[in-house]
Amino acid sequence: MPKHTPLHDEHVSLGAKLVDFAGWEMPINYSSQIGEHNAVREHAGIFDVSHMTVVDIRGAQSRDFLRRVLANDVAKIDADGKALYTCMLNAHGGVVDDLIVYHVAGNWYRAVVNAATTDKDLAWLHSQARDFDVNVERRDELAIVAAQGPAARELVREHLGAALAERAMALKPFEVAADGDWSVGRTGYTGEDGFEIVLPGNMAVGFWRGMIRSGATPVGLGARDTLRLEAGLNLYGQDMDEDHSPLVANLGWTVAFEPEERAFVGRNALEMARQRGIETKLVGVLLEGRGILRTGASVRAAGDDAVAEPSADNAPGELTSGSYAPTLERSIGFARVPVDWDYARVEVGVRGKWQPARVVATTFVRKGKIKVALD
């Protein structure tokens with residue numbers, strides 16, 4: 001039986017198309033996926049992301065534990081109310097998961113981990129916690145709702161308690177405020193301003209309905225994927241995984257090699273990789289030919305006849321993510337290519353033919369503004 005979030009009946013009543021996602025029955029869209037995408041870019045969208053899991057880390061050594069288990073350094077968020085994006089690595093430097101960790105207060109940290117990796121993540125965290133005075137608690141009773149878009153923060157204000165609303169409106173990006181089991185982080189996964197709100201599951205329906213009455217558009221996982229792709233944000237399982245380190249996934253900036261004495265899991269492997277030299281990198285691709293870019297498509301340098309077939313196994317590059325981008329009205333993607341590639345022009349396999357494309361920065365859109373040249 002698929003798992004349901006506290007908002008499942010709301011999705012059904014709104015006529016959502018429901019699909020299986022990591023064992024959860026989740027909305028892929030409610031009506032028009034492009035309309036939902038544009039609603040976030042132009043006004044405000046609301047997402048049920050309760051299939052992701054809240055994990056609270058408390059205890060006298062919670063800071064020391066997280067400095068050991070995360071590649072980024074939580075010493076950067078020693079002040080209460082700060083948040084940090086990071087990867088959690090295995091001993092080989094591969095990415096177990098990517099996550100945001102919130103320093104709620106004192107020895108209390110809150111992390112949100114991906115739905116597809118929750119069980120693996122919890123097992124890994126518990127195994128690493130044995131040598132620390134720390135408690136790792138899975139909070140399945142909590143729901144998560146994201147509100148994103150230029151109008152999202154003002155809409156959220158109406159539906160928080162007065163004290164929490166005042167603190168939430170004062171938050172800067174990557175800050176968090178909490179009140180009991182509620183926490184409001186000024187974070188997101190769309191390239192727009194907004195909040196990610198953790199709240200008790202039995203209060204999620206009231207909050208959700210209130211946001212829709214205020215003008216927020218319900219948005220499914222389909223538009224969430226095109227929004228994050230336009231924003232240049234990686235998707236776990238495609239753009240990074242346990243076989244690929246942050247260094248080859250365009251996430252080297254999330255690894256804190258300083259101070260040198262911090263012995264985080266995976267450090268030795270990453271140090272060796274840096275000395276040896278990495279073999280691949282992740283770049284942005286803008287399709288100039290016909291069709292839609294799809295994950296797994298082959299990539300070659302423009303005119304490289306040595307790779308004749310668009311589906312050839314010997315193609316030097318591969319799309320890790322790809323889709324139609326509504327804001328750009330073009331097809332875009334991320335491609336894993338050899339690190340020494342400096343080609344501005346490439347070709348991507350689309351429906352059995354090589355189609356011309358251009359290498360660009362991975363951030364295509366930020367706060368509604370197109371960041372790459374289209375012509």
Side-chain angles (χ1 to χ4, degrees), residues 22 52-53 55 57 61-77 83-101 109 111-132 134 136 189 228 232-284 295-296 299 316-321 334-341 362-363:
M52 301 177 73
T53 301
V55 181
I57 301 103
Q61 291 186 297
S62 55
R63 179 179 182 272
D64 293 339
F65 167 66
L66 291 172
R67 295 194 77 203
R68 166 68 180 165
V69 79
L70 300 179
N72 214 338
D73 189 357
V74 296
K76 296 177 181 178
I77 55 170
L84 185 73
Y85 175 67
T86 182
C87 292
M88 183 164 61
L89 308 180
N90 59 30
H92 304 292
V95 181
V96 176
D97 199 5
D98 69 319
L99 55 96
I100 294 176
V101 59
Y109 294 82
V112 177
V113 303
N114 283 306
T117 57
T118 292
D119 291 341
K120 178 186 71 170
D121 288 359
L122 266 294
W124 179 248
L125 287 168
H126 284 297
S127 70
Q128 297 298 311
R130 290 170 185 156
D131 297 329
F132 294 87
V134 66
V136 177
Y189 194 49
R228 72 89 192 169
L233 301 172
N234 286 17
L235 176 65
Y236 188 81
Q238 291 184 192
D239 308 310
M240 56 189 164
D241 54 35
E242 293 203 44
D243 294 324
H244 295 92
S245 80
L247 304 184
V248 301
N250 219 18
L251 294 175
W253 62 274
T254 71
V255 181
F257 286 103
E258 300 292 339
E260 293 183 3
E261 62 271 19
R262 186 173 70 94
F264 63 86
V265 175
R267 176 171 194 134
N268 291 340
L270 295 189
E271 295 277 17
M272 292 177 63
R274 287 206 301 177
Q275 294 173 12
R276 185 174 61 246
I278 60 174
E279 297 178 349
T280 62
K281 62 183 179 182
L282 206 62
V283 298
T295 301
V299 180
E318 179 184 21
L319 280 187
T320 57
S321 285
F334 301 153
R336 183 173 293 127
V337 300
V339 71
D340 58 353
W341 263 31
T362 53
T363 300

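When all heavy atoms of Arg228 and Asn234 are compared, the closest pair comes out as NH1-C, 3.8 Å. Shown here for Leu251 and Cys87, the closest heavy-atom pair between the two residues is CD1-SG, 4.0 Å. Heavy atoms only, all atoms of each residue included: Val134 and Ser62 are closest at CG2-CA, 3.9 Å. Nearest heavy-atom pair, Gly317 versus Val337, reported as atom, atom and distance to 0.1 Å: CA-CG1, 4.3 Å. Here the closest heavy-atom approach between residue Ala269 and residue Gly93 is recorded as CB-N, 3.8 Å. Of all heavy-atom pairs between Ala263 and Arg68, the closest is O-NH1, 2.5 Å.
Side-chain contact of Asn72 with Thr254: a donor-acceptor pair under 3.5 Å is absent, judged by distance alone. For the residue pair Tyr85 / Asp98, a side-chain donor-acceptor distance below 3.5 Å is found, with atom types taken as modelled.
Just one of Asn114, Asp121, Thr118 meets the side chain to side chain donor-acceptor pair (under 3.5 Å) condition when paired with Thr53; it is Thr118. Just one of Phe132, Phe264, Trp124 meets the side-chain contact (heavy atoms from CB on, under 4.5 Å) condition when paired with Val69; it is Trp124.
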Yes or no on side-chain contact (heavy atoms from CB on, under 4.5 Å) for His244 and Val95, after CA distance, side-chain angles and deciding distance?
-> CA-CA 7 Å; His244 295 92; Val95 181; over 6 Å; no
Full working for side-chain contact (heavy atoms from CB on, under 4.5 Å) between Val136 and Phe65 | CA-CA 10 Å; Val136 177; Phe65 167 66; 4.1 Å; yes
Would Val248 and Glu279 count as a side-chain contact (heavy atoms from CB on, under 4.5 Å) if you check the C-alpha gap in whole Å, the side-chain angles of each, and the deciding distance to 0.1 Å?
-> CA-CA 8 Å; Val248 301; Glu279 297 178 349; over 6 Å; no
Hey, mind stepping through Met88 and Gln128 against side-chain contact (heavy atoms from CB on, under 4.5 Å) and telling me if it holds?
-> CA-CA 11 Å; Met88 183 164 61; Gln128 297 298 311; over 6 Å; no
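Atom CG in Leu66 sits 8.0 Å away from atom CD1 in Ile77 (nearest 0.5 Å). In this structure, CD on Gln238 lies 4.0 Å from OG1 on Thr295, to the nearest 0.5 angstrom. Atom CG of Asp239 and atom CG of Leu282 lie 5.5 Å apart (nearest 0.5 Å). Note: Ile57 CD1 to Arg63 CZ = 14.5 Å, rounded to the nearest 0.5 Å. Leu125 contributes atom CG, which lies 12.0 Å from atom CZ of Arg130 (distance to the nearest 0.5 angstrom). Atom NE2 of His92 is separated from atom CE of Met272 by 11.5 Å, given to the nearest 0.5 angstrom.
With Tyr109 contributing its side chain and Val55 its backbone, the two residues share no donor-acceptor pair below 3.5 Å. In terms of modelled atom types and a separation under 3.5 Å, the side chain of Lys281 and the main chain of Trp341 share a donor-acceptor contact. Remark: the backbone N or O of Arg67 is paired with a side-chain donor or acceptor of Arg262 at under 3.5 angstrom. In terms of modelled atom types and a separation under 3.5 Å, the side chain of Tyr236 and the main chain of Ala116 share no donor-acceptor contact.
Taking the side chain as every heavy atom from C-beta outward, Pro259 and Asp73 approach each other to under 4.5 Å. Side-chain contact between Ile100 and Val112: absent, with no pair of heavy atoms (C-beta onward) separated by less than 4.5 Å.
Counted within 6.0 Å of CD on Glu260, heavy atoms from surrounding residues, nucleotides or ligands total 12 or fewer; the atom is thus considered open. More than 12 heavy atoms of other residues, nucleotides or ligands shown are found within 6.0 angstrom of CD on Glu271.
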